[in-house]
Amino acid sequence: MKIATFNINGINTRLGALLEWLRREQPEVVCLQELKAPEEAFPVEAIAGAGYGAIWHGQKSWNGVAILARDADPVEIGRGLPGDPDDTQSRYIEAAAHGVIVICLYLPNGNPQPGPKFDYKLAWMDRLLVRARHWIDSGQPVVMAGDYNVVPTDEDIYNPKSWRKDALLQPESRERYQQLLDQGWLDALRHVFGEERVYTFWDYFRQHWERDAGLRIDHLLLNAELAPRLRAAGVDRWVRGEPKPSDHAPTWIELGPAKRVARKAAPPKTPARQTTTRRARSAT
DNA sequence: ATGACGTGCGATGCACGA
């Protein structure tokens, strides 16, 4: 089962590209960010025609997030990140889909820094830490996917020098991302790629795509219930190479099947010897 | 130090992104 996150940068502008990517890659679950469309402008028919059910949280001009599920309807759990009733930006939505709790987020950019936008980013991350704590101990398999607008380390950018003052690289942003990992979330891309460089975003300037001058800012974090199922991860770079692309590429994980839950009627009367075997789990 | 590019809004340049 493939779960992907993709900052589409305008869902109606790039609807053709989205449908082509869905057709070719067939992910079971998709998290989209930067719809840049109000609620009523979401192209629900076209996406249904591609075989996907969807829930979305739109907003005029900016932001906007959605969760798609192949041959299924995502069951919405909540929309809007709790913790600030005055926050009107559409950046967060939760659903159950294909047996997994899926959190789709579009973390604030935070530039320019310092300033009120950076303050908003850090406050948003503090609220996310609270919500993430709720989910990590839920006992459910959870993936928290999206555009985090955080370059976790200097190994996640082609060259940090010209980005030192950018909100994406600030210690305050990185500390909070690290606090998520410290809760027990697994950074799936980094886990699978190890020391290898991997980027998910290339800005439109200075031929950064052509030079592979990228950043890794789209992340999929897995809790301990889900992490053992991690089999592979990747970036669909071909999407970034198409005409008129988003500046992000779809970023995904591949999961193995869910472990079957035994529902036998009764345990054996005589306790057998402990024969439970534990397979090595690469993702724990 | 700035801008390079791109999108939405809506009609012109501006806000915003990263």
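Naming convention: chains lettered A, B, ... in sequence-line order (proteins, then strands); numbering from 1 in each chain.
- Taking 4.0 angstrom as the limit, A:R216 places none of its side-chain polar atoms (N or O) nearer than this to OP1 or OP2 of B:dA18.
- B:dG13 and B:dA1 have their C1' atoms separated by 23 Å, given to the nearest Å.
- A:N109 has its CG atom 16 Å from the P atom of B:dA15, to the nearest Å.
- Separating the P atom of B:dG10 from that of B:dC5 is a span of 25 Å, rounded to the nearest Å.
- Not one N or O on the side chain of A:R229 forms a donor-acceptor pair closer than 3.5 Å with the backbone of A:K259.
- Taking the six-membered ring where the residue is Trp, the centroids of A:Y148 and A:Y177 are separated by under 6.0 Å.
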### Summary
Letter by letter from the 5' end, nucleotides 1-10 of chain B scores (B base, S sugar-phosphate only, - none; protein heavy atoms under 4.0 Å) --BBBSSSS-
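- If you check every strand for non-hydrogen atoms under 4.0 Å, A:Y106 touches sugar and phosphate atoms only.
- The gap from the P atom of B:dT12 to that of B:dT2 amounts to 29 Å, rounded to the nearest Å.
- Under a 3.5 Å cut-off, the side chain of A:H219 and the backbone N or O of A:R190 do not form any donor-acceptor pair.
- Geometrically, A:R91 engages A:Y106 in a cation-pi contact, judged by NZ or CZ lying under 6.0 Å from the ring centre and within 45° of the ring axis.
- Nucleotides B:dA11 and B:dA15 place their C1' atoms 16 Å apart, quoted to the nearest Å.
- Between A:Y120 and B:dC16, a side-chain N or O to OP1/OP2 separation shorter than 4.0 Å is absent.
- Close to B:dG17, at under 4.0 Å from its OP1 or OP2, lies a side-chain N or O of A:K117.
- A:D147 comes within 4.0 angstrom of the backbone, heavy atoms only, and of no base.
- Distance alone, capped at 3.5 Å, is enough to place a donor-acceptor pair between the A:R240 side chain and the A:W202 backbone.
- Relative to the ring axis of A:W238, A:R24 places its NZ or CZ within 45° and under 6.0 Å from the centre.
- The interatomic distance linking A:W163 (CH2) with B:dG17 (C1') rounds to 10 Å, in whole Å.
- Panel note: side chain A:R197, backbone A:I157; a donor-acceptor pair is recorded below 3.5 Å.
- Counting to the nearest Å, the C1' atom of B:dC16 and the CG atom of A:D203 are 14 Å from each other.
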